[in-house]
Protein chains: 2
Amino acid sequence: MVTDHLPHTLRSDALDNRERILDAARALFSADGLDVPMREIARRAGVGPATLYRHFPTKQMLVAEAFADQLHACRAIVDEGCADPDPWRGLCLVIEKICELHARDRGFTEAFLSTLPGAPDVAGREYTVKTVAGLAQRAKDAGHLRPDFVLDDLILVLMANKGIHATSTATQVMASRRFAGLAIQAFEACPHHAPLPPAARLASAAPASA
Amino acid sequence: MVTDHLPHTLRSDALDNRERILDAARALFSADGLDVPMREIARRAGVGPATLYRHFPTKQMLVAEAFADQLHACRAIVDEGCADPDPWRGLCLVIEKICELHARDRGFTEAFLSTLPGAPDVAGREYTVKTVAGLAQRAKDAGHLRPDFVLDDLILVLMANKGIHATSTATQVMASRRFAGLAIQAFEACPHHAPLPPAARLASAAPASA
DNA sequence: ACCTAAGCGGACGGGGGCGTCCGTTACCGT
DNA sequence: ACGGTAACGGACGCCCCCGTCCGCTTAGGT
């Protein structure tokens with residue numbers, strides 16, 4: 001489901017290992033973030049380090065493949081939000097779902113926010129961002145989203161959501177849900193909203209820190 | 001200014017080194033977070049590793065000393081907020097200032113949120129938290145803070161603020177400022193606020209993850 | 001000026017992650 | 001069944017960090 005355009009023919013055991021590696025990677029990335037040692041992924045997958053490196057020469061490639069599904073989910077969520085006749089409701093839905101997605105998967109957030117070294121784009125990230133921008137504009141026009149909302153505010157919320165950690169996944173998701181609720185509250189147009197400090201550019205030109 | 005109750009007499013050069021180590025630690029912690037290698041702190045301070053370990057046997061001790069000032073600043077901010085006759089304005093002030101403080105100092109956030117291993121309390125953290133709870137209650141009673149606000153929401157905001165990263169300190173502070181603005185917006189009592197998802201317990205019993 | 005002990009820092013052994021090489025295994029086409 | 005080769009994985013050398021030991025330096029009292 002991930003990528004069918006493999007280098008044509010791959011031996012059956014190799015393909016099996018590949019899948020097992022991806023499974024292991026997904027599990028570990030989700031639970032512990034992206035800094036798990038490659039070795040550990042290999043160990044969990046039941047293969048040697050060499051095999052892992054053969055299939056995925058760099059961690060970024062592994063990450064990209066491992067989170068392909070999540071990224072599709074992300075796109076799906078955005079598309080679903082855009083499909084909603086009420087753009088504000090659609091936007092809220094996007095915020096909630098995306099926050100939950102990120103809460104459930106620690107590594108994905110890092111990958112999505114390009115905390116990765118060079119970050120040669122984690123696939124459809126750009127598309128997703130742009131599409132949601134349209135949704136936001138419509139919500140704004142409809143008068144439900146505050147006029148001074150900026151797309152970077154969404155990035156801000158995403159980054160912020162990333163900062164939320166808890167001991168268990170359940171708690172994490174709960175916290176993220178509440179956070180999303182607060183964010184929505186902050187974004188909703190309100191007759192007497194204070195002018196809000198200026199936004200900072202975070203989105204585009206940021207290859208991230210570490 | 002940090003601690004004058006040193007083990008009675010300390011040789012002048014030793015005391016000098018101690019200060020230089022603390023300066024280096026502050027600089028590095030602020031810029032890069034708490035995971036900078038001890039070696040690097042020593043290098044920057046111009047001392048050998050042994051000297052550093054002699055003065056601060058464990059990283060936690062170093063962290064505790066290094067951030068003593070920040071913690072005092074934190075308390076000062078909270079006290080200032082409490083002193084404000086308008087509790088809501090006081091609370092807003094606290095949120096804004098604390099966010100900025102944390103934005104300017106990457107390591108402090110980690111230290112404050114007990115991302116530290118065992119976290120034997122980073123000094124007056126408890127006090128600070130409890131004091132601000134009182135302030136929040138008053139703001140709530142005054143009808144300016146939403147009634148379903150919980151103290152954990154503040155922790156949430158702090159953790160979230162920690163997630164915000166930027167390339168430069170200036171951008172970081174700007175982003176944090178806007179975030180604080182949004183948070184305040186979310187906290188403000190509003191006639192038609194949606195019921196908000198339930199809060200998660202984050203504050204007390206969390207010795208943190210890693 | 002001298003002597004003593006407080007203080008210093010280079011050097012060490014241990015541990016862990018990294019990415020790669022190469023002898024061995026086992027898939028698959030004939 | 002068998003050969004060739006794709007694929008495997010243990011083992012290697014590298015680097016960085018950790019915390020400590022011990023011979024040397026130097027402050028500071030007399």
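Reckoned from all heavy atoms, side chains included, excluding hydrogens, waters and symmetry mates. Lettering of chains follows the sequences in order, A, B, ..., and the numbering in each one begins at 1.
- Taking only distance into account, the side chain of R54(A) meets the base of dG9(D) through a donor-acceptor pair shorter than 3.5 Å.
- The phosphate of dC8(D) (OP1 or OP2) has a side-chain N or O of H55(A) nearer than 4.0 angstrom.
- Here T51(A) does not reach the OP1 or OP2 of dA7(D): none of its side-chain N or O atoms lies under 4.0 Å away.
- For dG28(D), one of the phosphate oxygens OP1 or OP2 lies less than 4.0 angstrom from a side-chain nitrogen or oxygen of S12(B).
- Distance, L62(B) CG to dC18(D) C1': 15 Å, rounded to whole Å.
- Separating the CD1 atom of I41(A) from the C1' atom of dG19(C) is a distance of 14 Å, rounded to the nearest angstrom.
- If you check distances only, the side chain of R39(A) does reach the base of dG19(C) with a donor-acceptor pair under 3.5 Å.
- Residue D35(A) contributes atom CG, which lies 10 Å from atom P of dC18(C) at whole-angstrom precision.
- Backbone-only engagement by A14(A) is indicated by non-hydrogen atom pairs under 4.0 Å involving sugar-phosphate atoms exclusively.
- Distance from the side chain of R11(A) is smallest to dA6(D) among dG7(C), dA6(D), dA11(D).
- dC17(D) atom P lies 12 Å from atom CG of L28(B), rounded to whole Å.
- Between the side chains of T128(B) and T131(B), not a single donor N or O lies within less than 3.5 Å of an accepting N or O.
- Judged by closest nucleotide on DNA chain D, A50(A) is the one of A50(B) and A50(A) placed further toward the 5' end.
- One can place CG of D16(B) at 15 Å from C1' of dA6(C), the figure rounded to the nearest angstrom.
- For the OP1/OP2 pair of dC8(D) and a distance below 4.0 Å, the side-chain nitrogens and oxygens of N17(A) include at least one atom meeting the criterion.
- Distance check: R106(A) CZ to S30(A) OG gives 11.5 Å after rounding to the nearest 0.5 Å.
- Rounded to an integer number of Å, the gap from M38(B) CE to dT20(D) C1' is 13 Å.
- Side-chain proximity of D13(A) to the nucleotides dT20(D), dG17(C), dC27(C) is greatest for dC27(C).
- If you find the closest nucleotide of DNA chain D to G46(A) and to K59(B), the one lying nearer the 5' end belongs to G46(A).
- Taking every side-chain heavy atom of L10(A) into account, dA7(D) is the closest of dA7(D), dG17(C), dC8(C).
- Annotation for D152(B) and L202(B): closest pair OD1-N, 2.9 Å, computed over non-hydrogen atoms.
- F56(B) places its CZ atom 18 Å from the C1' atom of dC18(D), with the value rounded to the nearest Å.
- Here E40(A) does not pair with R44(A) in a salt bridge; the nearest charged N to carboxylate O distance is not below 4.0 Å.
- Counting only N and O atoms by type, the side chains of S176(A) and N161(A) include a donor and acceptor under 3.5 Å apart.
- Across the protein-nucleic acid pair, E40(A) atom CD and dG15(C) atom C1' stand 15 Å apart, rounded to whole Å.
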